[in-house]
Amino acid sequence: MTNHVSVSLDHITPLYADAGGRNGKMALVCEGGGQRGIFTAGVLDVFMEARFDPFDILIGTSAGAQNLSAFVCDARGYARTLIEEYTTRTDFFRPLHFARGGDLVDLDWFFDVLTHGLPLDIHTGRKRLNGRELLFCSTRTGDYQPHYFHPGESDWMLGLKASSAIPLFYRAGVEWQGERYVDGAVADAIPVREAYRRGARTIVVIRTVPQHSRFSPHWARKLEGWIGRERLGDLMQIVEAHERCFNDFHDFIHCPPKDAQIIEIFPHQPLQSRVLGSSRAQLEQDYELGRHYGLHFLHTLGSLLEIRAVQ
């Protein structure tokens, strides 16, 4: 039986029959995707309502890290509010400012909201972790390699901001211990291999794009040919690092190690929302879709994973 399971509303492959027969930890990995993270918010709100949390390792990138923060802090509805109410504001998304040479998103304002205006209950989050690993994937700009911030080793919000600092849209990045960090999607968009490296053998992945979506660098290659690599600055390095990590992810999930089980939760069709600039109606539709898929997952595989977690 295959050890790669896909979960969508019109197709499901049964989880391995020997649900208790595999050793190793269980991980939850959440992809980024900007406002498309509203789909993940819907899935995780359903998990919180059902008190479903059998995971030993939780790793998120960008919006996936923000969603996992809410999940660990048991803050149902928090990620939905952040995306629907705050990422749609002109304080955050500023296309005119970007056209004049500024940043497209004001991540400083956004994280001031997370810290002071709508703070997470970090104390509850640390208690609920209880020794489990929560990791926010970021990219070190010195070598475009992934770095995984752990809230126990660095400031919670600093790691979350570093994971969310989209290159080119928020140019400053995040400084920490003499290095600069940007969005984790550059170097490890979907960190399943890192979850495996840390001992996870059952890995649940929440995607924000359909299963077989691939990253295409053709536009960047054309741009490089037109104006030259030197004039593009860091852009080509960012594109090439992202292409490598995306290909690595696809290779890993479609041919995982024999002792690993990969389970994907993903929308069957492209979401209505985009990375940025989505309407409230689009976001609400995708949130409800995420809830629908979350319920489907719990009704089909959730109980088997809970049994696996206690054996």
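Every value quoted in this text rests on a predicted model; they were computed, and no experiment measured them.
- In this structure the side chain of Asp56 never reaches within 4.5 angstrom of the side chain of Glu133, judged on heavy atoms.
- The shortest side-chain heavy-atom distance between Val205 and Ile262 falls under the 4.5 Å cut-off.
- Put simply, CG on Leu58 and CZ on Phe136 are 9.5 Å apart, with the number rounded to the nearest 0.5 Å.
- For residues 100-120, every residue pair satisfying the ring-ring contact (aromatic ring centres under 6.0 Å, His included) rule, not counting sequence neighbours, is listed here: Phe92-Phe110.
- Looking at heavy atoms from C-beta onward, Val182 lies out of side-chain contact with Ile166 at the 4.5 angstrom threshold.
- Considering only residues two or more places apart in sequence or on other chains, Arg128 meets the salt bridge (Lys or Arg N to Asp or Glu O under 4.0 Å) condition with Asp53.
- Under the side-chain contact (heavy atoms from CB on, under 4.5 Å) criterion, Leu104 pairs with Phe93, Pro95, Phe98, Phe169, Leu276, sequence neighbours left out.
- The salt bridge (charged side-chain N to carboxylate O under 4.0 Å, His left out) analysis of residues 26-36, with sequence neighbours excluded, yields the pairs Glu31-Arg207.
- Every residue meeting the side-chain contact (heavy atoms from CB on, under 4.5 Å) condition with Ala162, not counting sequence neighbours, appears here in chain and number order: Ser138, Phe149, Val174, Tyr181.
- Shown here are the salt bridge (Lys or Arg N to Asp or Glu O under 4.0 Å) partners of Arg126, two or more places apart in sequence or in another chain: there are none.
- Other cluster members for Ile83: Ile38, Leu283, Tyr287, joined by side-chain heavy-atom distances under 4.5 Å among Ile, Leu, Val, Met, Phe, Trp and Tyr.
- No donor-acceptor contact under 3.5 angstrom links the side chains of Ser273 and Gln35, judged on distance only.
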Exercise. For Glu84 and Arg89, run salt bridge (charged side-chain N to carboxylate O under 4.0 Å, His left out): C-alpha distance rounded to whole Å, both residues' side-chain angles, the deciding distance at 0.1 Å, then the answer.
Key: CA-CA 9 Å; Glu84 288 188 355; Arg89 294 190 184 185; over 6 Å; no

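- Identified under the salt bridge (charged side-chain N to carboxylate O under 4.0 Å, His left out) test for residues 165-179, with sequence neighbours left out: Asp103-Arg171.
- With sequence neighbours excluded, the residues forming a side-chain contact (heavy atoms from CB on, under 4.5 Å) with Ala27 are Ile57, Ala195, Ala200, Ile203, listed by chain and number.
- With 3.5 Å as the limit, one finds no donor-acceptor pair spanning the side chains of Asp106 and Tyr170.
- Taking the six-membered ring wherever Trp is involved, the centroid distance between the rings of Phe297 and Phe47 falls below 6.0 Å.
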Self-check item: Step-by-step side chain to side chain donor-acceptor pair (under 3.5 Å) determination, Gln272 to Ser278
Solution: CA-CA 8 Å; Gln272 294 296 309; Ser278 311; over 6 Å; no

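- Note on Asp74 versus Arg51: salt bridge recorded, some NZ/NE/NH1/NH2 to OD/OE distance being below 4.0 Å.
- With sequence neighbours left out, Arg280 forms a salt bridge (Lys or Arg N to Asp or Glu O under 4.0 Å) with Glu85.
- Salt-bridge annotation for Asp259 and Arg201: present, with a side-chain N of the basic residue lying under 4.0 Å from a carboxylate O of the acidic one.
- With sequence neighbours left out, Phe252 forms a ring-ring contact (aromatic ring centres under 6.0 Å, His included) with Tyr196.
- With sequence neighbours excluded, the residues that form a side-chain contact (heavy atoms from CB on, under 4.5 Å) with Glu194 are Ile59, Tyr148, Asp188, Pro191, Arg197, Arg198.
- No side-chain heavy atom of Leu82 sits less than 4.5 Å from a side-chain heavy atom of Thr87.
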